[in-house]
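Quick notes on the structure that follows.
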Amino acid sequence: MILLLAYGAVLLSFASGLLALMMNQRQMLLELSQYWIKKFPDSYKFGRSLLENSLKERRYPHALRQAVFVLLGLSGVFAILAGLSVMIGKDAVTDQLSLGLPWLPWHVRFDCLSGFFFLIIGIAVSAVSLYGPGYVHAYDESQHPFAVLGLFTGLFVAGMLLVLLADDAFFFMIAWELMSVASYFLVAFQHENSANRRAAFLYLLMAEVGALAIILAFGVLASFSDGFTFDALRESKLSVTWASIAFVLALLGFGMKAGIVPVHVWLPEAHPVAPSHISALMSGVMLKVALYGLIRFCFDLLGDVHWQWGVVLLILGTLSALGGILYAMMQPNLKRLLAYSSVENIGIIFMVLGLSMIFMANGYPQLAALGFLAALFHAFNHALFKNLLFLGAGIIHHKTHELNIDMMGGLIKKMPKTSVLFLVGCMSISSLPLFNGFVSEWLAFQTALQVDVLDNGVLRSLIPVAAAALALTAALSAACFVKVFGLIFLGQPRSRNCAKAHEVQDQGMLAGPALLAGLCFFIGIFPGVIIYLINSVSGQLLGQTLPNDSALGWLWLAPVSAEQASYSPPLVLIGALIAGCISFWYLRLNPETALRKAETWDCGFGSVTPRMQYTSSAFTMPIRRIFAKAWIIDEQINKDMQGAMNQDVAAVHYQLHIQDHSWPHLYQPIAQAVNNLAKQVGRIQTGNIRTYLGYSFATLLLLLWVIS
């Protein structure tokens, strides 16, 4: 039954894509609809009336869009049910499908780890299914056909689900490529823009390089085993050298898809140009599928982890977390800022996974389980609040036609419901108490604070530095999203579009983010629900659960022991409500402290205008000065002078361009080397038939020598 739910999720996502493809077959749909109504006149009234209205009003696109997203939503519901069922049951279910190669059918395995990521995908897809119909309604069907968008969305979701079900390397790579290629077409959906085509090409290029690395990693395991099934790969006996080679290849392949520094450059290019609900799925869900692949490969297939691997993950995660949030702070483009923020959060997850490996290799399996739980919990939380923020960004873009936060402002009065939902996302991603992001980062800190049990002096010095970097990352993240919310929703409108903006009318576009916002708050107050589920994943994969299971009740959370640290979200909520009520009474209801309204102080310069407000670059200027070496900064200030001897300043022109260090120091040298190599290889193309015959003769002699 559990596996049927998982299969149902995959088939429904496929069906949504195929139904979207039928958007181009309107005449056929018309005939089928008329035949259905005549053949079954007493059928279900709602479906019949929907078809009749569609036929009368010729609303095929609208009705089909609704049906496509209904199927996608059902896929998400089935995925949620399948994930919850397998995690509660704590049993692994296996199967074989008569597909693939004649000698290698597709092997399927659905266990707690797969179920947890099924749950993540299901929640995100369910929210997108509510949000999608209203969002895609704005697209011009002639220029951006929904058939293409719906088809590849369904294939994309199906590919991610199949990756989680794969139990052999061949099936895994087919599903992985389906996910990658489908998402490439989604990134290139608005291909009339050159920036979109460039981002899509970069994404596809790095996705295929990563896929080659994953294939090589599987190849290393397969060379020491009897087959390509995961059961056979688990039995492979590798030396430390070969195991480390396989780990590095897997880290490169899965880390490239996850967006870990320095192979992250595709992420801030691809996510901003995709449709917003696709950006939400890519950033909130697809990155987690890459995380699943790394966990499956390292903790399951390789089995014996080494502390050196954990150090690598810890260092890369620290660089990604700190670098990601620093680059996010400098971005004026909202979706690009959110994409860099995903780099930061993936870095946090990698940091804690590295801690889990270090504790596991040093003989502390329960502390390893704590780190493993913190990593998966943050992956779950990131999927919630990052999907919420991208969907919120889509609403803002939909109503203002702006993504530059320097051109926004004052939207809290124009879009009050959206502002509340977006505020929940900002507070969650800033790791503030009462929201889910705080709990997972608190667990990450609790993992790092157990460093005193280790005997290795290098690790005892390195881990506190990483913990300090995590604390700095959390502070910078809070500052970043204070900037985001303040510049977008507070103050005065900075553009005409923002001044004319109004709340979105489609209730589905608000229902999807509202679902995610509610979960962010609920999980923040009752984290034990998800911790219980993740504990089953840890028990099945690592053979260990949290050190202090008895203190994981609904009221108190004490992962190690109540004497060391504990946290009670319900009590914090009660304290916050009491403080809020007292403040409201004192400031609003107490006559002695009644508020009065007055004009904003204009510093003697006359009326306040939107041009006097802080911009993104002005807000981040102090941080830019402190961490100047973190970016390549091109800052130019030009003045137009006038008057006698050009002593008066007529206008000031300010330009700021910030570049990622990865481009000039890593990728441009690689690109130049490839171009030079291609020129050298191109010299063998002489155009002379005798030369080509000589090449063939030399190749034949070489092959005969090798065979002999």
**Any residue meeting side chain to side chain contact (heavy atoms under 4.5 Å, CB included) with I174, in chain and number order, not counting sequence neighbours** = W106, F170
**Item:** Qualifying residues under side chain to side chain contact (heavy atoms under 4.5 Å, CB included), relative to N333, sequence neighbours excluded
**Value:** P272, K335, R336, L403
To the closest 0.5 Å, what do you measure between [atom1] ([X]) and [atom2] ([Y])?
X    : Y    : atom1 : atom2 : answer
F372 : N535 : CZ    : CG    : 10.5 Å
F385 : L519 : CZ    : CG    : 13.0 Å
L186 : I278 : CG    : CD1   : 4.5 Å
L72  : L281 : CG    : CG    : 7.5 Å
L533 : K90  : CG    : NZ    : 9.5 Å
C520 : I525 : SG    : CD1   : 12.0 Å

**Worked check of side-chain contact (heavy atoms from CB on, under 4.5 Å) between I214 and F297** = CA-CA 10 Å; I214 297 171; F297 193 91; over 6 Å; no
Between [X] (side chain) and [Y] (backbone), is there a donor-acceptor pair under 3.5 Å?
X    : Y    : answer
D506 : G508 : yes
S283 : S279 : no
S75  : L71  : no
S428 : F435 : no
E503 : K417 : yes
W266 : A207 : no
S320 : G317 : no

For [X], enumerate each residue passing the ring pair (Phe, Tyr, Trp, His ring centres under 6.0 Å) test, keeping only those at least two apart in sequence or located in another chain.
X    : result
F14  : none
F110 : F118
Y292 : F117

**Request:** Sort and list the pairs that fulfil salt bridge (Lys or Arg N to Asp or Glu O under 4.0 Å) and have at least one residue in residues 171-186, not counting sequence neighbours.
**Result:** none
**Request:** Sorted by first residue and then second, give each salt bridge (Lys or Arg N to Asp or Glu O under 4.0 Å) pair with at least one member in residues 105-118; sequence neighbours left out.
**Result:** R109-D111, D111-R296
**Prompt:** Do the ring planes of F230 and F172 sit parallel (below 30°), tilted (30 to 60°) or perpendicular (above 60°)?
**Reply:** tilted
Which heavy atom in [X] sits nearest to a heavy atom in [Y], and how many Å separate them?
X    : Y    : answer
P513 : L421 : CB-CD1, 3.8 Å
A67  : L19  : CB-CD2, 3.6 Å
V265 : P268 : O-CD, 3.5 Å
P527 : V439 : CB-CG1, 3.7 Å
L97  : Y7   : CD2-OH, 3.7 Å
A258 : L267 : O-CD1, 3.9 Å

Side chain proximity check, [X] to [Y], heavy atoms < 4.5 angstrom:
X    : Y    : value
L165 : S114 : no
L515 : Y131 : no
M415 : V504 : no
L149 : R65  : no
L162 : L178 : yes
H271 : L338 : no
I215 : F218 : no
L99  : F171 : no

side-chain hydrogen bond (donor to acceptor under 3.5 Å, both in side chains) pairs, two or more places apart, involving [range]:
range            : value
residues 373-392 : K288-H382, S341-K386, S342-K386, N345-H378, H378-S440, N381-N436, N381-S440, H382-K386
residues 251-261 : S180-K257, Y203-K257
residues 153-171 : H107-D168

**Message:** Between S276 and Y135, is the side-chain contact (heavy atoms from CB on, under 4.5 Å) condition met? List the steps.
**Reply:** CA-CA 8 Å; S276 291; Y135 180 80; 3.4 Å; yes
**Prompt:** Which residues pass the salt bridge (Lys or Arg N to Asp or Glu O under 4.0 Å) test with R198, sequence neighbours left out?
**Reply:** E269
**Request:** In sequence, state the C-alpha distance, the side-chain angles, and the governing distance for L104 and T229, and then conclude on side-chain contact (heavy atoms from CB on, under 4.5 Å).
**Result:** CA-CA 9 Å; L104 182 62; T229 65; 4.3 Å; yes
**Message:** Would you say that more than 12 heavy atoms from the other residues, nucleotides or ligands in this model lie under 6.0 Å from the CZ of F380, or not?
**Reply:** yes
**Item:** Listed once per pair and sorted, the ring pair (Phe, Tyr, Trp, His ring centres under 6.0 Å) pairs that draw on residues 73-99, sequence neighbours left out
**Value:** none
**Request:** Start with the C-alpha distance between F254 and V289, add both sets of side-chain angles, then the distance that settles side-chain contact (heavy atoms from CB on, under 4.5 Å), and finish with yes or no.
**Result:** CA-CA 9 Å; F254 294 116; V289 175; over 6 Å; no
